[in-house]
Novice: 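Input: one structure, supplied below.
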Amino acid sequence: MPELPEVETTRRGLAPHLEGRIVSDVVLRRPDLRWPIPPEIRALLPGQRIDSVRRRAKYLLLDTESGSALLHLGMSGSLRVLPADTPVEAHDHVDLNLADRGRSKGRVLRFNDPRRFGCLLWQPPGQVHELLRGLGPEPLSDAFDGDYLFARSRGRKAPVKTFLMDQGIVVGVGNIYAAEALFDAGISPLREAGKVSRERYGALAEAVKRILAYAIERGGTTLRDFISPDGVPGYFELELSAYGRGGQPCPRCGKPMKEGAIGQRTTVWCPRCQR
DNA sequence: CTGCTTCCCTGACGGC
DNA sequence: TGCCGTCAGGGAAGCA
C-alpha cells in the first residue's frame, strides 16, 4: 500500500533508469487494471523517449513528446526495472521494454499489482488528466500550511481525519500517515474539522510535513507489499506511534490506545493525548 | 457542495 | 490440513 513516500521513493529509484531511455515495446498481459488501459499506451508509447519521471500526489508520470503515461500503484502495485529476460510472475500485468543503451542492455520496466487497484492511463501533451484535476496542494510544498488547513476547514463537519485524507484538501496523506500526524499534533481524529483552531492546524501541517519527509528520507515505510525499484524488498521499519497499535500503551502517556473506524477506515488514537 | 456508503480485488489471517 | 469468512485499503462513483 504505497503512500506518498513510497511513490516518491519509487520515482527516485526509477528516474535514473528511465530518463533518456526509449520505450521499444509495450506488453499488456491484461486489458485493464482498475480501468481499461487506453489504446494510446500501445499506439503512441513505443519509440518514445522518456524525458522525465514525475510525481503528482500518488501518481507517477512518464513524460514523452507524444504524451505521458500516468501510473498509480493502488494498494499493492510495484514497479521494477529488471533484465528483460526475467521470467514473468503472477500479477506482472505490464512491461515497458527499454531499448538498449550502451552497456545497459535488455531491460524492462515491469508493473506488478496483485490487487489491481492501480492504473495505467494516458495524458496527452499539454493536458492535465481528469484524475489530476481538483487535487489539493502537495503536502511538502509551501502552499500547504496551517493557515491553509484552517481556511479550508471552516464549516466542515466531517472528522478532521477524514478531512485530512481528502485528496482535494491535500494529496498523499493516507490512512497510516493521517493517524501518525494526528497523534503527533495531539488532535483527536474524531474532532470536527471545522472546530480545530488555527494554531492546532499549524501543528498538524508541521507534523504531516515532518513525518512524510522523514519517511521519504528513510526510503518509504515498511509496507508489506512495497518493493523498491531495483528489486530489493523495501522493508524499512518506520516506528509508528499510532497505526496498528490499538490496545497497546500510548508511547507518550502509557494509556491504552483506542481503535475504531472513522469513515470506514481503521484508526488508532490516544484518548488522553489527543483531544 | 458536503458527507456518507459502496465497490473494486486478492492475499493474509483466524477459526473451526 | 483444508476450507471459509473477514478484513485491509486508495479513492472513484453514486446517492442523500
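Within every chain, numbering begins at 1; the chains are lettered A, B, ... in the order of the sequence lines, protein sequences first and strands thereafter. Everything numeric in this text was worked out from a predicted model, so none of it was measured.
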Novice: Would you please confirm or rule out a distance under 4.0 Å between OP1 or OP2 of B:dG11 and any side-chain N or O of A:His91?
Specialist: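 It does, given that an N or O in the side chain of A:His91 lies less than 4.0 Å from OP1 or OP2 of B:dG11.
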
Novice: In terms of side-chain heavy atoms of A:Arg156, which of B:dG3, B:dC4, B:dT10 is nearest?
Specialist: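 Comparing B:dG3, B:dC4, B:dT10 against the side chain of A:Arg156, the answer is B:dG3.
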
Novice: Could you check whether any side-chain heavy atom of A:Leu121 comes within less than 4.5 Å of a side-chain heavy atom of A:Tyr59, counting everything from C-beta outward?
Specialist: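 Counting from C-beta outward, A:Leu121 and A:Tyr59 never come under 4.5 Å.
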
Novice: At under 4.0 Å between heavy atoms, what does A:Phe163 touch on the DNA or RNA strands: base, sugar-phosphate, or nothing?
Specialist: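 Counting heavy atoms under 4.0 Å across all strands, no contact is made by A:Phe163.
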
Novice: Starting from P on C:dG11, measure out to CD1 on A:Ile176 and report it in whole angstrom.
Specialist: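 Between P of C:dG11 and CD1 of A:Ile176: 13 Å.
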
Novice: Is there a side-chain polar atom (N or O) of A:Thr266 under 4.0 Å from OP1 or OP2 of C:dA8?
Specialist: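 Yes, within the criterion.
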
Novice: I want to confirm an ordering. Mapping A:Ala158 and A:Arg265 to their closest nucleotides on DNA chain B, which one lands closer to the 5' end?
Specialist: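 Residue closer to the 5' terminus by nearest nucleotide: A:Ala158.
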
Novice: Choose from C:dA12, C:dG11, B:dG11 the nucleotide whose nearest atom is closest to any side-chain atom of A:Lys58.
Specialist: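 Of the candidates, C:dG11 comes closest.
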
Novice: Atom CZ of A:Arg56 and atom C1' of C:dG11: how far apart are they, to the nearest Å?
Specialist: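 Going from CZ in A:Arg56 over to C1' in C:dG11 covers 15 Å.
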
Novice: How long is the line joining CG of A:Leu190 and P of B:dC4, in whole Å?
Specialist: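 It is 12 Å, rounded to the nearest whole Å.
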
Novice: Would you mind reading off the distance between A:Asp166 atom CG and C:dG10 atom P, rounded to a whole angstrom?
Specialist: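 About 14 Å, once rounded to whole Å.
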
Novice: Look at the side chain of A:Pro159 and decide which nucleotide, out of B:dT10, C:dA12, B:dC4, has an atom nearest to it.
Specialist: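 Nucleotide nearest to A:Pro159's side chain: B:dC4.
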
Novice: What is the distance from CD of A:Gln264 to C1' of B:dC7, rounded to the nearest Å?
Specialist: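 Taking atom C1' of B:dC7 as the reference, CD of A:Gln264 is at 11 Å.
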
Novice: For residues A:Tyr177 and A:Ala215, report the shortest heavy-atom separation together with the two atoms involved.
Specialist: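 So the two residues come closest at OH-CB, 3.4 Å.
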
Novice: Can you tell me if CZ on A:Arg56 sees more than 12 non-hydrogen neighbours from other groups inside 6.0 Å?
Specialist: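 For A:Arg56, atom CZ is crowded (more than 12 foreign heavy atoms under 6.0 Å).
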
Novice: Between A:Gly263 and A:Arg152, just flag the one whose closest nucleotide in DNA chain B comes earlier from the 5' side.
Specialist: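 This one resolves to A:Arg152.
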
Novice: Contact class for A:Arg34 vs. all strands (heavy atom < 4.0 Å): base, sugar-phosphate, or nothing?
Specialist: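 Result for A:Arg34 = base.
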
Novice: Could you give the NE2-to-C1' distance, from A:His72 to B:dC8, as a whole number of Å?
Specialist: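 Taking atom C1' of B:dC8 as the reference, NE2 of A:His72 is at 14 Å.
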
Novice: What pair of heavy atoms forms the shortest contact from A:Ser66 to A:Trp122, and how long is it?
Specialist: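 For A:Ser66 and A:Trp122, the tightest heavy-atom pair comes out as O-CZ2, 3.2 Å.
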
Novice: Among B:dG11, B:dG3, C:dG10, which nucleotide sits nearest the side chain of A:Phe117?
Specialist: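 For A:Phe117, the side-chain atoms sit closest to C:dG10.
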
Novice: Just wondering, more than 12 heavy atoms not from A:Arg42 lying within 6.0 Å of its CZ?
Specialist: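 For A:Arg42, atom CZ is not crowded (no more than 12 foreign heavy atoms under 6.0 Å).
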
Novice: Starting at NZ of A:Lys157 and ending at C1' of C:dA16, how long is that distance when rounded to a whole Å?
Specialist: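 Distance, rounded to whole Å: 17 Å.
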
Novice: Atom CD1 of A:Ile262 and atom C1' of B:dT5: how far apart are they, to the nearest Å?
Specialist: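 Rounded to whole Å, this separation is 16 Å.
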
